[in-house]
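On a predicted model such as this, the values are computed, not experimentally measured, just so you know. By convention in this document, chain letters (A, B, ...) are assigned in the order of the sequence lines, proteins followed by strands, and residues within each chain are numbered from 1.
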Amino acid sequence: MKPKVAFFDFAGCEGDELQVANLEEELLTLLEQVEIVSFREVMKEHSDNYDIAFIEGSCTRLQDEDRLKEIRKNAKIVVAIGACATIGGINSLKNYQDLDDVRRTVYGDKAKLFDTYAARPIDAVIPVDAYVHGCPINREEFLHVVKSLLLGKKPDIPNYPVCVECKKNENICAFERGEFCVGPVTRAGCNSCCVNEGTKCWGCRGLVDNPNENSQKEILIKYGLTVDDAIKKFRLYFGWQERKR
Amino acid sequence: MRIILKEDFEKFVNSLIKDESLSVIGVKSKGNKFAFGHLDSASELRLDYDVTILPPKKYFFPQRETLVTYNVANGFAAKDSSDLKPTVILGVHPYDIVALLHMDEIFRETKSDPYYFEKRKASIIIGVNIQNMSERCFAPQMGCAIIDHGYDLMLTDLGNRYAINIGSQKGEQLLDKYAKNVTDALARDVQMVGQKKQEIMNMSQLKFNFPTELIPEMLNKTYDQSGFWEKHSEKCLACGSCVLVCPTCYCFDVKDDPHLSLEHGERVRTWDGCLLEDFAKIASGENFRPTRPTRYRHRYFKKGKYLFDRFGFVSCVGCGRCSSNCLPDIANPVNLFNDMYSEVLNMGVVIDAPAEPEVNIKSEGDINYVPKLATIINKVPMTANEMLFEIKLDDGSTLNQVPGQFIQVSVFGVGEAPISVSSSPTKKGAFQLCVRKIGNVTTRLHMLNVGDKVGIRGPFGHGFDTEFLKGKDLLFVAGGLGIAPLRSLFNYVLDNRADYGRVTLLYGCKEPRELLFGDEMVALEKRDDVEYKPTVDWCPENELWTGNIGVITTLIPQVNFDPESTYAIVVGPPIMYKFVIADLKKRNVPDDHIILSLERRMKCGVGKCGHCQINQIYVCRDGPVFNYSKIKGVPEAL
């Protein structure tokens, strides 16, 4: 029997689910392996009977926790997809601001109607079994995680920084092109896609397990960034992880 | 030496490119840097480059390479190499040629790597003498800035023309076939080439403060200077850039890449690096080189000491890539070794003579990456986490393992894992594996059923010397899963009982329910030619246990043995060895009477991939069974 799969979204842009929808031909092959029972972005049917739950988006309200716990109860395997779900994502930028100000900025005079609390990744609320990192996720890696789960193995998500992939791809180091890159502390697995295209790593896959943050910040400053800007560089995606560390 | 005018050289290159039976690679510009790449026209070639981002090794040992393909229905097959074309590589600097010569030795030793050599043999190397040297290059100091062999052709820029040194028949034939207007060099050309080489020797700005022959000995003296290594690696990002751009680094990882149908897929090897955090981590989570300073040190030791001891060369060619690619700028070997020299002077240590290693390179046959298909014929749960598998090779052959050897077990799409054989070679036909569910392959193995297929490579490594042990008293000491490899020897001894002296088995595990091979152990209690003493660390109240309670070492004082005639065979988790060895020493067991088996991460099984390395030793090739006297001085061993 094919495993039943469901997709859920919390605070996020749904770009990761879009990546899955964009698998196109491979989506058909995927459907030979799994049965999708809920996927709001591409179908109207819904069922609470599923084995694997893919969750996009971060948790930004207390009442979302109940929904997450319900998903956890229904699913055998929970997979966080995309930076918001895996590491808190850019939503966590608000954690460094006054939350009332944030609400007023977004909702104006209706601010009181909308609850909020510090944005957090899914695993801050419920246990997560596997991660598909990235903003947005990489389709290849999504398939790798699905295949791994089907084979009963732990997905092979690197614990080395993006530099490894940049070197294998023979990229010119972003720093040498005058860019400020956080690739040296960011978890690889994206095949250094942004640097391949001539820009820099923003850190969307989060920190490696044991990043040398001091050294990385020193490098940013050595190449001309102010201390404040170096800290901001880290906050863009590492905001939640930094606070936790 | 020959001469060709530059316009004729360009025509030569274009005629190579025009021949579709050849693949033509050359140095091209990439942004403000250079890289080897496919040439579409001779005008792209930049022989005036300083250094390429990656060395040309990527054409022989690519970043990602298929080793084996598999199909769940048919098993494993070697990858198809029929599309391999003769490849001309234009513009290789001498230091990169030296690096390839090092790689040749490394990939040839023990067993030859067929995938490396098929591409190496199909290659034609056209070198070029350095015209511009990168500011981090110190090739002259390493004796690698000029070279008189290792190439098929070697170019030297003489203004309007190139001088060509012919290094091989292959090179000469290429020139005869594709180049026109090639003339013999005149005396002044030969003289000019000599002058150019002199200039190259003086191009580097970097200088060592000591003779480089002393590097291996200097390393030897500073291994334990942890403060020195901590200071130098404090800013290390563990990003692996230094090793990934190195022309002599060859460590690799091996992974399965299944197709989405899960019906077929390939097994690929990818570049790996010893600076990366998980490089020496095994399935149980234990990391044998967990800190940045130890990994940083390992890199220098591997290049400057371990490979030197094995091959007789320091495996650094002075290209400077590690140094120029290190963001915190801590990877410059010249700075490191100059600092090390000061450190050694400060320590008051005198190094007067360079080390002279005994190089004894052996190579026999090719590495076979293709597993043999085998069938699970029986599967018996032993504990909650351990299962005994009985496996038979489908071609009807026997494994022919020496007790203590290991095999690489493949599960389609999941990968390969090293597992010790648990049965004795005296058991013919099928063999047994006692497998703990701990990593990807072992977890998946537990899910397989009788009749399912697996892949087997090996046996690998050195097992127990059953001949040498004949007539000796044997004290077996097993901790937990250590009984699995130990049982292969233990059963061998029981099957040849008359050949051996007294036999004692001390076997410890955490609690009674974790005891493996329970029935066999009970049977031992009835034998009068074997002394068997089990122990558990603790016994829960609801379980029955009549034996000893306490860690394994509590059994050692309880047995009588003569240390002179007894050999202790010790296998257990890494933490156990120190304590057991200390207690055996208390009973006056000589070092060379202690034999143990080590567990490490292993990918290739033949001393290439680098994961199982403990200092100069490859556990997969030199072990996993070691005499304690041989490894007690090896700091990373125990």
Does anything in residues 233-242 of chain B get under 4.5 Å of chain A by heavy atoms, and if so which residues? B:E234, B:K235, B:C236, B:L237, B:A238, B:C239, B:S241
B:R64, part contacting chain A, at a heavy-atom distance under 4.5 Å: neither
I'd like to know whether CD of A:E25 has more than 12 heavy-atom contacts from other residues, nucleotides or ligands below 6.0 angstrom. no
CG of A:N171 to NZ of B:K30, rounded to nearest 0.5 Å, is 5.5 Å
Is any side-chain heavy atom of A:K168 less than 4.5 Å from a side-chain heavy atom of B:L244? yes
Is B:E135 atom CD crowded by more than 12 heavy atoms from other residues, nucleotides or ligands, each under 6.0 Å away? no
Pick from A:G152, A:A188, A:P184: which one has the most heavy-atom pairs with chain B under 4.5 Å? A:P184
Can you say whether A:I219 sits under 4.5 Å from chain B via the side chain, the backbone, both, or neither, judging by heavy atoms? side chain
Interatomic spacing from CG in A:N159 to CG in B:L276 - rounded to 0.5 Å: 9.0 Å
Contact origin within B:F412 toward chain A - heavy atom pairs under 4.5 Å: backbone
Heavy-atom pair count under 4.5 Å with chain B, highest-scoring of A:C163, A:S148, A:P158, A:C166: A:C163
Heavy-atom distances under 4.5 Å only: say whether A:D156 touches chain B with side chain, backbone, both or neither. side chain
For the candidates B:G439, B:G273, B:G413, which exhibits the highest count of non-hydrogen atom pairs separated by less than 4.5 Å from chain A? B:G413
Just to verify, which of A:L28, A:T29, A:L23 counts as forming a side-chain contact (heavy atoms from CB on, under 4.5 Å) with B:L260? A:T29
Bottom line for B:N32: the part with an atom under 4.5 Å from chain A's heavy atoms is both
Region of B:L327 that comes under 4.5 Å of a non-hydrogen atom in chain A: both
Name the option with the most non-hydrogen atom pairs under 4.5 Å to chain B; the candidates are A:E170, A:K222, A:K167. A:E170
For the interface with chain A, which of B:T270, B:L262, B:L54 has the highest count of heavy-atom pairs at distances below 4.5 Å? B:L54
Taking A:K153's backbone N and O only, do any of them form a donor-acceptor pair with B:R444's side chain (distance below 3.5 Å, no angle check)? no
Side chain, backbone, both or neither: which part of B:V245 has an atom under 4.5 Å from a heavy atom of chain A? side chain
Toward chain B, the part of A:E32 with a non-hydrogen atom under 4.5 Å: neither
Whether B:K33 side chain and A:I172 backbone form a donor-acceptor pair below 3.5 Å: no
Count the heavy atoms of every other residue, nucleotide or ligand shown that sit under 6.0 Å from NZ of B:K28, and state whether that count exceeds 12. yes
When rounded to the nearest 0.5 angstrom, what is the spacing between CG in A:D209 and CD in B:E277? 6.0 Å
Atom group of A:Q33 that falls short of 4.5 Å from chain B, counting heavy atoms: side chain
If you count heavy-atom pairs under 4.5 Å with chain A, which of B:D257, B:V243, B:N325 comes out on top? B:N325
Rounded to the nearest 0.5 Å, what separates atom CD1 in B:I53 from atom CG in A:N169? 11.0 Å
